[in-house]
Amino acid sequence: MDDLIPGLPSDIALECLIRIPFDRFSSARSVCRSWRTELSSPAFHRIRNSSGQAQTLFAFAQAEPKPTQSGPAHKYSTPAYRISLLQPDSATWTSLPPIPDLPLGLPLFCQLVFAGSGLVLLGGWDPASWAVSNAVFVYDFVESTWRRGTPMPGPKAILLCLLGICGPRCCLRGWWTR
């Protein structure tokens, strides 16, 4: 395997990599094959978390109102929702890219759960039809991409609690079905 950083011992090179901010992972993965392999490794993320270098993040579903053209008061139409991340240590806000399969924004009342190096969006109501969704979408912070997860069994509108995260799986209990 290639050196992570030529001329540096691998433990020092790893110390450098674990300090890369989460929003730069995608760029760092494109540097070379060894960085791509290391940054994609679950062991890397365990080391990063245990070292205290992982950033604390809070995820919010935030309304993104779109102004309408009519009226002097600039009234707003029904908002679309997007995911915003807060890094409390630096008081920095960022937005995740929209989910390609959801052109109208996030489902209403969807739930967001961090799992491993990703963010999972579960269920909710379609904002146009109010149909209950069993869809699951996963945002991978390493690749900066969205993918579809395995749908929940039957449509579930609101998840009420998270029992635990076991590696790449999260165990859920309790939901309200319409």
Side-chain angles (χ1 to χ4, degrees), residues 3-67 76 79-102 104-124 136-149 158-172:
D3 290 337
L4 287 174
I5 300 176
L8 283 180
S10 27
D11 57 336
I12 294 174
L14 183 59
E15 285 293 322
C16 293
L17 288 183
I18 64 173
R19 286 167 170 72
I20 295 173
F22 79 92
D23 56 346
R24 303 287 187 252
F25 281 165
S26 180
S27 299
R29 284 181 78 239
S30 65
V31 169
C32 64
R33 194 171 287 140
S34 60
W35 282 29
R36 175 183 301 274
T37 302
E38 189 65 36
L39 290 171
S40 299
S41 157
F44 169 79
H45 293 282
R46 281 192 298 275
I47 292 168
R48 188 170 187 269
N49 288 336
S50 67
S51 73
Q53 294 300 320
Q55 294 103 332
T56 300
L57 292 176
F58 294 104
F60 298 92
Q62 280 192 314
E64 190 169 46
K66 297 177 181 152
Y76 289 90
Y81 289 85
R82 63 188 163 101
I83 298 175
S84 296
L85 301 174
L86 169 64
Q87 297 176 60
D89 297 335
S90 63
T92 306
W93 286 89
T94 56
S95 292
L96 290 185
I99 300 171
D101 293 346
L102 299 175
L104 298 175
L106 299 180
L108 303 173
F109 310 111
C110 64
Q111 299 297 300
L112 301 170
V113 179
F114 284 101
S117 62
L119 179 68
V120 182
L121 180 140
L122 301 145
V136 174
F137 295 94
V138 180
Y139 183 77
D140 185 329
F141 285 102
V142 177
E143 296 184 14
S144 296
T145 57
W146 283 101
R147 68 173 172 81
R148 271 194 174 273
I158 302 173
L159 274 313
L160 299 176
C161 69
L162 172 70
L163 289 178
I165 298 173
C166 311
R169 296 189 173 119
C170 58
C171 306
L172 303 164

Do R147 and D140 have side chains that approach each other closer than 4.5 Å (heavy atoms only, starting at C-beta)? no
With sequence neighbours left out, which residue pairs that include part of residues 43-54 fulfil the salt bridge (Lys or Arg N to Asp or Glu O under 4.0 Å) condition? none
L4 side, atom CG; L39 side, atom CG - distance, nearest 0.5 Å: 8.5 Å
Show the nearest heavy-atom pair for residues A80 and G105, with the distance to one decimal. CB-CA, 4.4 Å
For the ring pair F141 and Y139, is the centre-to-centre distance below 6.0 Å? yes
Could you state the interatomic distance from CD (Q62) to CG (L86), rounded to the nearest 0.5 Å? 9.5 Å
Would a distance-only check, ignoring hydrogens and angles, find a side-chain to backbone donor-acceptor pair under 3.5 Å from W35 to L17? no
How far apart are the C-alpha atoms of V120 and V136, what are their side-chain angles, what is the distance that settles it, and do they pass the side-chain contact (heavy atoms from CB on, under 4.5 Å) test? CA-CA 7 Å; V120 182; V136 174; 3.8 Å; yes
Heavy-atom pair of closest approach, residues G123 and C110: O-CB, 3.4 Å
Interatomic spacing from CD in E143 to OG in S26 - rounded to 0.5 Å: 8.0 Å
Between the CD1 atom in I99 and the CG atom in L121, the distance rounded to the nearest 0.5 Å is 4.5 Å
When every non-hydrogen atom of A61 is compared with those of L106, the smallest separation belongs to CB-CD1, 3.8 Å
Heavy-atom nearest pair, W146 first then P97, reads NE1-O, 2.8 Å
Atom CG in L85, atom OG1 in T92: separation rounded to 0.5 Å? 11.0 Å
By salt bridge (charged side-chain N to carboxylate O under 4.0 Å, His left out) - contacts of R19 (at least two apart): E15
Counting only N and O atoms by type, is there a donor-acceptor contact under 3.5 Å from the side chain of S40 to the main-chain atoms of T37? no
Within residues 82-94 or reaching into it, pairs that qualify as salt bridge (Lys or Arg N to Asp or Glu O under 4.0 Å) - sequence neighbours excluded: E64-R82
Are more than 12 heavy atoms from other residues, nucleotides or ligands located less than 6.0 Å from atom CZ of F60? yes
Shortest non-hydrogen separation from L57 to F114 and the atoms involved: O-CE1, 3.7 Å
Counterpart residues, side-chain hydrogen bond (donor to acceptor under 3.5 Å, both in side chains), relative to R148 (two or more places apart): D101
Over all atoms of both residues, closest heavy-atom pair of F25 and I20: CE2-O, 3.5 Å
Who passes side-chain hydrogen bond (donor to acceptor under 3.5 Å, both in side chains) against S41, sequence neighbours left out? none
Sorted by chain and residue number, the side-chain contact (heavy atoms from CB on, under 4.5 Å) partners of P6 (sequence neighbours excluded) come out as none
Interatomic distance, L112 atom CG to L119 atom CG [nearest 0.5 angstrom]: 5.5 Å
